[in-house]
Amino acid sequence: MNVVESGSAEATPLIMLHGFPESHRTWRGVAPLLGDRFRLIMPDLRGFGASDRPLDVAAYRPETVIGDIFALADALGIEEFALAGHDWGGAIAWPAALANPKRIKRLAVVNSPHPWIFQKSIIDDPAQRAASQYISAFRNPPVQQAIEAQGFDWFFERSFSAHVDLALIDAAERARYIADWSRPGALEAMLNWYRATGLRIPAMGEVAEHPQWMEGFPKLSVPTLVIWGMRDKALLPIQLDGLSDWVDDLTIVKVEDAGHFVPWEKPAAVAKALLAFLGADP
């Protein structure tokens, strides 16, 4: 696992997890604004960036990628820590906090839905179901082949242009993305995250029942901050509805003028919310 650290080694550890199709660079605008108030630990999750890229779908099962986070903390000698996650990083941060609330003292999630609410909305809400069809597409091998045929410059445009002003990504940063995606097996490894999840994505018009795992789903006791770019076209604001029913101690910060990639679209807003929530408001 490739890991980048910054901040003070003596400060509270904050592990920060990125999403698809990124790397630790998700936090490039946020990390400098947090200064030395935390020990920032920013890994490339398995399959992304410069970390190992196993090609077996089973290597990306939820219990495995969640285990990576605690293994990382163990390797660094960290018992208790705060955890932040965006997109897929949040998708594993939610269950990590549920699984081990004694080690995760505070949780911050950025545009990454609570698992119960997300699954319910995909089944029950037509707009969210429509917005989530890309997940089924990413599970499909011909889609991977089509991306490879079109090339990673095309994939860059497709990944980001619908969500954010591409002027926010300079040429050097764009080259970093494409270099990461060009590593052998990188695209397959990234898409394996979608293939390994048990999330159910019914087709449009399909009659679907709620999966059994939704019954008796536990409530989260860890104090939680949810930051949401309200212009997110993939994960709609319905993901905030009823969230307080599932989290004992919840803070929601809405960023009205940002979309899905809010960590680098509006890094100051994200950093401000993190500092206030984590007890380091300047």
Side-chain angles (χ1 to χ4, degrees), residues 1-2 17-23 26 43-69 71 85-96 98-99 109 111-123 128-152 154-156 158-160 162-163 177-178 180-204 206 208-214 233-235 239 260-261:
M1 178 176 279
N2 181 55
L17 311 178
H18 66 85
F20 178 94
E22 301 197 84
S23 69
T26 296
D44 293 342
L45 298 172
R46 66 166 62 204
F48 292 95
S51 289
D52 286 351
R53 300 173 296 281
L55 299 183
D56 185 355
V57 172
Y60 298 89
R61 288 175 178 161
E63 62 272 18
T64 301
V65 293
I66 292 168
D68 284 347
I69 307 311
H86 171 251
D87 187 75
W88 265 114
I92 62 174
W94 282 112
L98 283 165
V109 176
N111 281 73
S112 186
H114 182 279
W116 192 95
I117 293 176
F118 191 34
Q119 181 65 90
K120 184 179 186 298
S121 67
I122 290 172
I123 293 173
Q128 185 59 67
R129 185 186 293 200
S132 300
Q133 293 302 305
Y134 74 94
I135 297 174
S136 294
F138 280 164
R139 292 169 170 171
N140 193 344
V143 170
Q144 176 184 329
Q145 295 162 9
I147 294 171
E148 292 169 339
Q150 292 287 346
F152 290 127
W154 176 87
F155 184 56
F156 182 93
R158 291 283 297 192
S159 295
F160 299 125
H163 299 280
Y177 279 104
I178 292 174
D180 281 343
W181 300 340
S182 299
R183 298 173 190 268
L187 179 60
E188 183 172 354
M190 291 191 296
L191 293 177
N192 278 345
W193 281 71
Y194 293 95
R195 295 163 179 156
T197 177
L199 196 66
R200 187 174 181 186
I201 314 294
M204 298 305 296
E206 178 185 347
E209 301 292 332
H210 293 170
Q212 189 173 3
W213 64 260
M214 293 179 66
K233 297 178 181 178
L235 301 168
Q239 301 306 322
H260 182 68
F261 294 99

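Quick caveat, the model's predicted, so the values are computed rather than measured.
In this structure, the side chain to side chain donor-acceptor pair (under 3.5 Å) partners of Asp44, at least two apart in sequence or on a different chain, are Asn2, His24. A search for side chain to side chain donor-acceptor pair (under 3.5 Å) contacts involving Ser121 returns Gln239, not counting sequence neighbours. For Arg183, the salt bridge (charged side-chain N to carboxylate O under 4.0 Å, His left out) test picks out Asp180, with sequence neighbours left out. The side chain to side chain donor-acceptor pair (under 3.5 Å) check on Ser23 picks up nothing, with sequence neighbours excluded. For Trp88, the ring pair (Phe, Tyr, Trp, His ring centres under 6.0 Å) test picks out Trp193, Tyr194, with sequence neighbours left out. Evaluation of the ring pair (Phe, Tyr, Trp, His ring centres under 6.0 Å) rule for Trp154 yields no partner, not counting sequence neighbours. Gln145 pairs by the side chain to side chain donor-acceptor pair (under 3.5 Å) definition with nothing, not counting sequence neighbours. In terms of the side-chain contact (heavy atoms from CB on, under 4.5 Å) criterion, residue partners of Ile123 (sequence neighbours excluded) are, by chain and number, Gln119, Arg129, Pro202, Ala208, His210, Pro211. Take His260 and apply the ring pair (Phe, Tyr, Trp, His ring centres under 6.0 Å) test, not counting sequence neighbours, and it matches His86.
Annotation: side chain of Pro21 is in contact with side chain of Phe155 (closest heavy-atom distance under 4.5 Å). By the 4.5 Å heavy-atom criterion applied to side chains, Ile201 and Ile122 are counted as neighbours.
Atoms CE and CD, on Met214 and Gln212 in that order, are 12.0 Å from each other to the nearest 0.5 Å. Here the straight-line distance linking atom OG of Ser182 with atom CZ of Phe152 works out to 5.0 Å at 0.5 Å rounding. Note that the CG atom of Leu17 and the CD1 atom of Ile92 stand 5.0 Å from one another [nearest 0.5 Å].
Centroid-to-centroid, the aromatic rings of Phe20 and Phe138 come within less than 6.0 Å. Close placement of the Tyr177 and Phe160 rings is indicated, their centers lying within 6.0 Å of each other.
Within 6.0 Å of CD in Glu209 there are 12 or fewer heavy atoms belonging to other residues, nucleotides or ligands.
Judged as a side chain to side chain donor-acceptor pair (under 3.5 Å), the pairs with a partner in residues 131-143 (not counting sequence neighbours) are, in order, Gln128-Ser132. Identified under the side chain to side chain donor-acceptor pair (under 3.5 Å) test for residues 47-68, with sequence neighbours left out: Arg46-Asp68.
Although no hydrogens or angles enter the test, the distance criterion places no donor-acceptor pair under 3.5 Å between the side chain of Trp181 and the main chain of Leu187. A donor-acceptor pair under 3.5 Å is absent between the side-chain atoms of Asn111 and the main chain of Leu235, judged by distance alone. Between the side chain of Thr26 and the main chain of Glu22, no donor-acceptor pair closer than 3.5 Å is present.
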Mind running side-chain contact (heavy atoms from CB on, under 4.5 Å) on Leu191 and Val143 for me, showing each step along the way? CA-CA 10 Å; Leu191 293 177; Val143 170; 5.8 Å; no
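Here the closest non-hydrogen pair linking Met1 and Pro43 is SD-CB, 3.6 Å.
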